[in-house]
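Both ligands and their constituent atoms are indexed starting at 1 by order of listing. The structure displayed is predicted, hence computed values, not measured ones.
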Amino acid sequence: MIPSPYSNNGLPLTLGILGGGQLAKMLAQSAYRMGLRVAVIEHGANSPAGMLTHLEFSDGWTNPDALQKFIAASDIITLENEFIDIAILEAVAEKRAVFPMPATVKLVQDKLTQKETFAAAGIPVTPFSVLASPSDAVKFGEKHGFPFIIKTRTLGYDGYGNATVQNAEDCSKAFLRFVKGGVPRKLMGEKFARFTKELAVMVARNRRGETAVYPCVETVQERHVCRMVLSPAPVDGALRRRAQDIALACVEAIGGVGIFGVEMFLTEDGEILFNEIAPRPHNSGHYTIEACHCSQFENAVRAVCNLPLGSPEMTVPAAAMINLLGERRGAGTPDSVTDMLRFSKASLHLYGKSEARPGRKMGHITVAGNSLDEVRKEAEESAEALIW
Ligand code: ATP
Ligand code: MG
């Protein structure tokens with residue numbers, strides 16, 4: 001039995017968040033707006049989310065004492081990052097309701113298991129295979145063609161676990177590169193998807209199985225990192241609906257509870273292929289704060305608290321989001337935001353990270369408006385006007 005958020009002995013329920021980064025921060029902001037309380041556990045004090053609450057446990061979840069205090073302070077627990085040791089998550093779930101469920105997180109942690117699960121559920125994926133040795137990789141390339149992608153099965157993010165290989169020599173190099181603490185990482189091969197666009201769809205699903213499917217967006221990656229999101233994706237409406245159907249089918253196939261980001265490829269022949277799923281708020285859904293009736297963060301809170309979901313529909317015809325990636329090492333806030341804020345339709349989000357590093361996600365800008373051309377221009381120009 002999950003406690004009702006609003007009848008916890010007269011006190012609002014406390015949502016515990018494993019992780020204190022920007023996703024946790026925006027989750028917390030939604031939770032606060034709904035009258036809930038928030039506990040945050042993160043390694044290090046004053047994380048973007050940790051600084052919002054006095055229920056901040058800054059020794060991190062690998063510290064048993066901090067973890068017990070965090071559990072005691074929380075009524076329901078969610079996460080902002082799927083790379084948590086599954087044994088720890090399972091131990092937490094013995095004491096408190098955890099959503100997404102540990103079984104879901106475990107499945108998602110391994111990209112091979114993800115692809116096997118969804119392929120078995122009839123969801124289209126690019127051909128893939130486990131790779132145990134460089135010669136396995138060469139055989140994969142001979143069968144499916146070079147270049148193809150070698151991925152670490154676990155702990156990959158922002159493209160860090162991916163290598164595009166052109167030939168046998170690259171295969172050997174990838175096996176040498178993907179070693180952690182002297183131990184070779186588990187690898188898989190994926191046929192190179194010749195995509196014309198990358199698409200993503202957010203799906204919220206609560207414990208009762210009610211779902212909310214967000215619009216299909218285009219994500220634009222630069223050097224494997226999301227740079228911009230356009231909503232709705234500038235593709236045919238039938239393709240957008242197909243992407244929404246695939247994303248919903250993925251979340252239903254695993255009985256996921258919470259909010260999920262489903263990444264897909266639109267290929268040259270108009271096919272949509274599943275790429276990967278994230279069991280948490282996702283960068284491709286940040287625009288929903290300004291552009292949808294109910295944001296991905298609020299629906300995440302509603303889903304894990306087993307409340308009815310809000311409408312994922314857009315309230316405007318178009319929205320663009322641009323990530324503000326660190327350009328240098330130094331302070332986490334820009335030197336000047338004055339010129340940027342003169343773009344009066346642009347919403348600035350700064351995560352409050354203490355330090356910037358090249359490529360680190362420091363914040364984002366969203367513009368909601370009447371056409372993709374208009375919002376994209378305002379988002380790009382306003383991001384340019386920030387002085388770091
Ligand atoms: P992120 O954290 O950025 O979402 P990740 O590190 O978990 O990602 P993926 O999403 O698997 O890795 O891949 C990152 C990017 O690499 C994709 O967005 C896409 O641009 C490219 N990519 C991944 N798999 C393939 C593929 N099979 N064919 C072509 N490009 C691919
Ligand atoms: Mg990805």
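Under a 4.0 angstrom heavy-atom cut-off, G161 registers as lying outside contact with ligand 1. Using a 4.0 Å cutoff on heavy atoms, F148 does not count as a contact of ligand 1.
Closest to atom 30 (N) of ligand 1, if we only count protein heavy atoms, is F195 CE2, 3.5 Å. Here the protein heavy atom with the shortest distance to atom 14 (C) of ligand 1 is N162 ND2, 3.5 Å. Nearest protein neighbour of atom 2 (O) of ligand 1, counting heavy atoms only, is D158 N, 2.7 Å. The protein non-hydrogen atom at the shortest distance from atom 10 (O) of ligand 1 is E276 OE2, 2.7 Å.
Distance NE2/H224 to OG1/T164: 5.0 Å, rounded to 0.5 Å. Annotation: the span from K377 atom NZ to E381 atom CD amounts to 4.0 Å, rounded to 0.5 Å.
With a 4.0 Å heavy-atom cut-off, ligand 1 is reached by the side chain of K111 but not by its N, CA, C or O. Under 4.0 angstrom from ligand 1, the non-hydrogen atoms of F265 all belong to its side chain. Using a 4.0 Å cut-off between heavy atoms, T219 makes no contact with ligand 1 at all. Only side-chain heavy atoms of N275 come within less than 4.0 Å of ligand 1; its backbone N, CA, C and O stay farther off.
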Begin from the C-alpha positions of M188 and K115 and carry the test side chain to side chain contact (heavy atoms under 4.5 Å, CB included) through to its verdict.
CA-CA 11 Å; M188 64 186 288; K115 290 237 157 68; 4.3 Å; yes
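Polar contact check, T126 against ligand 1: no nitrogen or oxygen pair lies under 3.5 Å apart. Looking at ligand 1, you'll find an N or O of H224 within less than 3.5 Å of one of its N or O atoms. Taking distance alone, with nitrogen or oxygen atoms compared against 3.5 Å, A193 approaches ligand 1 more closely than that limit.
More than 12 non-hydrogen atoms from other residues, nucleotides or ligands lie less than 6.0 angstrom from NZ of K361. In this structure, R342 places its CZ atom where only 12 or fewer heavy-atom neighbours from other residues, nucleotides or ligands lie under 6.0 Å away.
Checked for salt-bridge contact, R33 and E298 meet the test: a charged N lies under 4.0 Å from a carboxylate O.
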Can you give the donor-acceptor pairs under 3.5 Å from side chains of residues 237-257 to other protein atoms, not counting sequence neighbours?
| unit_1 | atom_1 | unit_2 | atom_2 | d |
| --- | --- | --- | --- | --- |
| R240 | NH1 | A233 | O | 3.1 |
| R240 | NH1 | V235 | O | 2.7 |
| Q244 | NE2 | Y214 | O | 2.9 |

Check residues 320-331 and write down every donor-acceptor pair under 3.5 Å in which the side-chain atom is one partner and the other belongs to a residue at least two apart or another chain.
| unit_1 | atom_1 | unit_2 | atom_2 | d |
| --- | --- | --- | --- | --- |
| N323 | OD1 | N283 | ND2 | 3.1 |
| N323 | ND2 | C226 | O | 2.8 |
| N323 | ND2 | N283 | OD1 | 2.6 |
| R328 | NH1 | A331 | O | 3.0 |
| R329 | NH1 | E355 | OE2 | 3.3 |

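Hydrophobic cluster of I149: the remaining members, joined at side-chain heavy-atom separations below 4.5 Å, are F192, listed by chain and number.
With H349 as the fixed residue, the side chain to side chain donor-acceptor pair (under 3.5 Å) test singles out one of E290, Q22, H286, Q29: E290.
Taking the six-membered ring for Trp, H144 and F140 have ring centres closer than 6.0 Å. In this structure, F178 has its ring center at least 6.0 angstrom away from the ring center of F175.
Listed by chain and residue number, the protein N/O/S atoms under 2.8 Å of the Mg ion (ligand 2) are E263 OE1, E276 OE2, with waters left out.
Which of E198, E190, E222, K151 comes nearest to atom 23 (C) of ligand 1 through a heavy atom is settled by distance: it is K151.
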